[in-house]
*Asks:* 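Got a structure for you, questions after.
As the structure is a computational prediction, the values presented were derived from the model and not from experiment.
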Amino acid sequence: MRSVEQHLEVILNQIEPLEEFAIGLLESRGCVNAEDIVAPWPLPAFDTAAVDGYAVKVADVAGASAELPIVLKVEDVIAVGDRPAGAVLNGTAVRVSAGAPLPEETEAVIPLEFTDAGLSEVNIERAAVLSQYVRRRGEDIAEAELVLPAGQIMDPRAIGLLAAIGKSNVVARPRPRVVIVTIGAELLEPGAAVVPGKVVDSNGTMLAAAAAEAGASVYRIGPLAENLENVRTVIEDQLVRADLVITVGGTGAGSYEMIKQVCGELGKVDYTRVAMQPGMAQGFGKIGLDNTPIFTLPGNPVAAFISFEIFVKPVIAKMMGYNSYHAVTRKAVVENSFYSTLERKHYVRAVRVPGKQHVVRALDVQGTHLVASLARTDCLIVVPELVQEVRSGDTVEVIDLVDASVW
C-alpha cells in the first residue's frame with residue numbers, strides 16, 4: 001500500500017506542463033505567463049498633468065497668494081488626447097486637464113482651485129514647487145524594464161499592466177482541457193425525476209465544478225451505463241480534446257473489472273491501494289496515442305472529492321505551470337474529540353467555529369456518501385497515519401476548502 005505522498009509523487013513524475021502559446025489577455029486570467037516581458041515604452045509615455053490646472057514655470061509663480069495673485073497669460077489649452085503646440089514660455093501658463101500631456105519645459109501644475117480659472121489670462125493664488133502635480137515620463141515603468149517575469153500568474157492586475165504596455169496577448173500555458181466521465185447504470189442526470197433504484201449524478205457536476213475552480217476548461221460526459229463497448233468508445237472519442245480524463249464511478253465489484261478492461265485496451269492504468277481514508281482505491285495511468293493522463297476515482301462523493309483535492313488538483317496546477325502543486329495546510333485547534341483510522345491518513349471533514357480564530361470542529365458524521373455534510377465542510381483535518389485519537393484542544397493540520405482570509 002502506498003502512502004499519499006508516494007502516490008502523489010508517482011503521479012506528478014508523469015506530468016509535464018502544457019506547451020505555451022499566445023493567449024488573448026482576457027482569456028489568460030489564471031494562466032501562467034511563460035516568458036519574461038519587458039516594456040516597449042515607458043509609463044507614463046510622456047509627462048502628464050495629475051490634476052486639472054495650469055502648467056507653469058516655478059519662478060513665474062513665486063510668492064503668489066490669494067491676497068497677492070500673480071497674473072499670467074494663458075497661451076494654450078490642452079485636453080486629454082491633445083498634443084501640445086509648444087513649450088511653456090516664461091511669464092505664461094497653459095491650461096491642462098488631468099491626464100493631458102504637458103508642454104515641454106513645464107515645471108509644475110497649479111491646481112484649478114488655486115486660480116480664478118481664467119481662459120485668456122489667469123490669476124495664480126499659490127506658489128509652486130518643482131514637479132508638483134506632474135506625472136513624469138517613465139516614473140512608473142522605464143523603457144525596456146522587466147515588468148512581468150516568467151512564471152507569474154495572470155491575475156487582473158497583471159492583465160491590466162500588459163494592456164498598458166500595448167500587449168493584446170501573452171505567451172502562457174493554457175488551461176488544461178479536463179473531461180469528466182461518470183459511469184453507472186444507476187445514475188440519472190441532475191433535474192431528472194428520482195425513481196427507486198436510481199440516484200442523481202452529483203459526482204460529475206461536482207468534479208466538473210472543482211476542475212473549473214482549479215483552472216481547467218471542463219467537459220462533462222455521462223452518466224454512462226456500464227456497457228464496455230460504449231464506455232470505451234466514449235472515452236476514446238473524448239481523447240481528441242482532453243489533456244486529462246477523469247472517470248468516476250463504475251468501481252463496484254462487477255463494473256470495476258470493466259473499467260480496468262477499458263483502460264487496459266486504451267493504455268496502461270495502475271490500480272493502487274493508498275493509505276488514506278476516504279479514497280483508498282485509486283487508479284492513474286495514461287491512455288490513447290498521445291498518452292493522455294487518466295484518473296479513475298472512487299464513486300462515493302466524499303471519496304471522489306477528496307481524491308480530487310489531493311491528487312487531481314496538483315496535476316492541473318502542474319499542467320498550468322504553477323510553481324507549487326501540493327495542498328497548503330495550516331495549523332488550527334480542534335474543538336471536539338474524535339477517533340481516526342489507524343495506518344491511514346485520514347481527511348476528516350470539519351467546520352470553522354464561529355467567533356473563534358483558527359478553531360475547527362470535526363463533523364459528527366463522516367460517511368463517504370453524505371453530500372450534505374460535504375457541502376457544509378469548510379476544511380479537512382489531516383490526521384497522520386499513526387494517530388488514532390484526536391482530542392479536544394489538540395493542534396491539527398487543516399486544508400482549507402473555502403477562502404482562508406476570513407480566519
Side-chain angles (χ1 to χ4, degrees), residues 24-26 28-29 33 35-149 152-170:
L25 280 187
L26 287 180
S28 73
R29 184 182 59 83
N33 168 40
E35 63 176 2
D36 290 342
I37 298 176
V38 299
W41 55 68
L43 284 181
F46 42 79
D47 291 352
T48 58
V51 296
D52 293 334
Y54 292 84
V56 298
K57 293 192 171 181
V58 171
D60 289 338
V61 295
S65 67
E67 294 75 22
L68 294 172
I70 291 176
V71 180
L72 299 176
K73 182 181 179 181
V74 179
E75 289 286 354
D76 196 6
V77 177
I78 304 174
V80 176
D82 288 348
R83 296 185 65 178
V88 176
L89 303 177
N90 292 334
T92 69
V94 173
R95 183 161 176 164
V96 292
S97 299
L102 290 172
E104 293 180 9
E105 299 184 34
T106 295
E107 294 180 350
V109 173
I110 303 295
L112 198 64
E113 58 264 34
F114 300 128
T115 74
D116 66 351
L119 294 179
S120 59
E121 62 179 24
V122 60
N123 288 345
I124 305 293
E125 300 173 353
R126 180 165 294 189
V129 296
L130 189 65
S131 294
Q132 75 172 32
Y133 300 110
V134 174
R135 296 170 177 163
R136 291 298 182 190
R137 179 180 187 270
E139 71 176 23
D140 187 10
I141 297 172
E143 185 175 351
E145 179 182 343
L146 175 65
V147 295
L148 200 70
Q152 182 89 16
I153 296 174
M154 295 298 299
D155 61 21
R157 297 177 298 280
I159 289 171
L161 171 60
L162 294 194
I165 62 169
K167 301 280 286 185
S168 61
N169 55 52
V170 59

*Asks:* At their closest point, which heavy atom of Ala158 faces which heavy atom of Leu148, and how far apart are they?
*Replies:* CB-CD1, 4.0 Å
*Asks:* Sequence neighbours left out, cut at 3.5 Å: what donor-acceptor pairs do the side chains of residues 72-89 make with other protein atoms?
*Replies:*
from, atom 1, to, atom 2, distance (Å)
Asp82, OD2, Ala79, N, 2.8

*Asks:* Using atom types as modelled, flag every donor-acceptor pair under 3.5 Å from a side chain in residues 44-55 to any protein atom, sequence neighbours excluded.
*Replies:*
from, atom 1, to, atom 2, distance (Å)
Asp47, OD1, Arg137, N, 2.7
Asp47, OD2, Arg136, NH1, 2.9
Asp52, OD1, Ala98, N, 2.7
Tyr54, OH, Arg95, NH1, 3.3
Tyr54, OH, Gly118, N, 3.2
Tyr54, OH, Gly118, O, 2.6

*Asks:* Would you check, one step at a time, whether the test side chain to side chain contact (heavy atoms under 4.5 Å, CB included) holds for Gln132 with Ile110?
*Replies:* CA-CA 8 Å; Gln132 75 172 32; Ile110 303 295; 3.8 Å; yes
*Asks:* Just verifying a value: how many Å separate Ile159 CD1 and Leu25 CG, rounded to the nearest 0.5 Å?
*Replies:* 6.5 Å
*Asks:* Where is the tightest heavy-atom contact between Pro42 and Gly138, given as atom of each residue plus distance?
*Replies:* CB-CA, 3.7 Å
*Asks:* List for me each residue that meets side-chain contact (heavy atoms from CB on, under 4.5 Å) alongside Glu113, sequence neighbours excluded, and say none if there are none.
*Replies:* Pro111
*Asks:* Would one find more than 12 heavy atoms of other residues, nucleotides or ligands at under 6.0 Å from atom CZ of Phe114?
*Replies:* yes
*Asks:* Suppose we screen for side-chain contact (heavy atoms from CB on, under 4.5 Å). Which residues come up paired with Ile153, at least two apart in sequence or across chains?
*Replies:* Val32, Tyr322
*Asks:* What pair of heavy atoms forms the shortest contact from Gly91 to Asp60, and how long is it?
*Replies:* N-OD2, 2.6 Å
*Asks:* List for me each residue that meets side chain to side chain donor-acceptor pair (under 3.5 Å) alongside Asp155, sequence neighbours excluded, and say none if there are none.
*Replies:* Arg157
*Asks:* Output, in order, the C-alpha distance, side-chain angles, deciding distance and verdict of side chain to side chain contact (heavy atoms under 4.5 Å, CB included) for Ile37 and Gln152.
*Replies:* CA-CA 10 Å; Ile37 298 176; Gln152 182 89 16; over 6 Å; no
*Asks:* Using only atom types and a distance under 3.5 Å, with no angle test, would you say the side chain of Glu145 pairs donor to acceptor with the backbone of Val38?
*Replies:* no
*Asks:* Using the test side-chain contact (heavy atoms from CB on, under 4.5 Å), find all partners of Pro156 that sit at least two apart in sequence or belong to another chain.
*Replies:* none
*Asks:* Side chain to side chain donor-acceptor pair (under 3.5 Å) with Glu105: which residues, sequence neighbours excluded?
*Replies:* Lys57
*Asks:* Please identify each residue that fulfils side chain to side chain donor-acceptor pair (under 3.5 Å) with Asn123, with sequence neighbours left out.
*Replies:* Asp116
*Asks:* How close do Val170 and Ser28 get, heavy atom to heavy atom, and via which atoms?
*Replies:* CG1-CB, 3.5 Å
*Asks:* Using side chain to side chain contact (heavy atoms under 4.5 Å, CB included) as the criterion, point out the one residue from Asp36, Asp140, Leu161, Leu43 that pairs with Val147.
*Replies:* Leu161
*Asks:* Could you tell me which non-hydrogen atom of Pro69 sits nearest to which non-hydrogen atom of Glu125, and how far apart they are?
*Replies:* CB-CG, 4.1 Å
*Asks:* Calculate, to the nearest 0.5 Å, the distance between atoms CD and OG1 belonging to Glu121 and Thr115 respectively.
*Replies:* 12.5 Å
*Asks:* Crowded around Glu104 CD? As in, over 12 foreign heavy atoms under 6.0 Å?
*Replies:* no
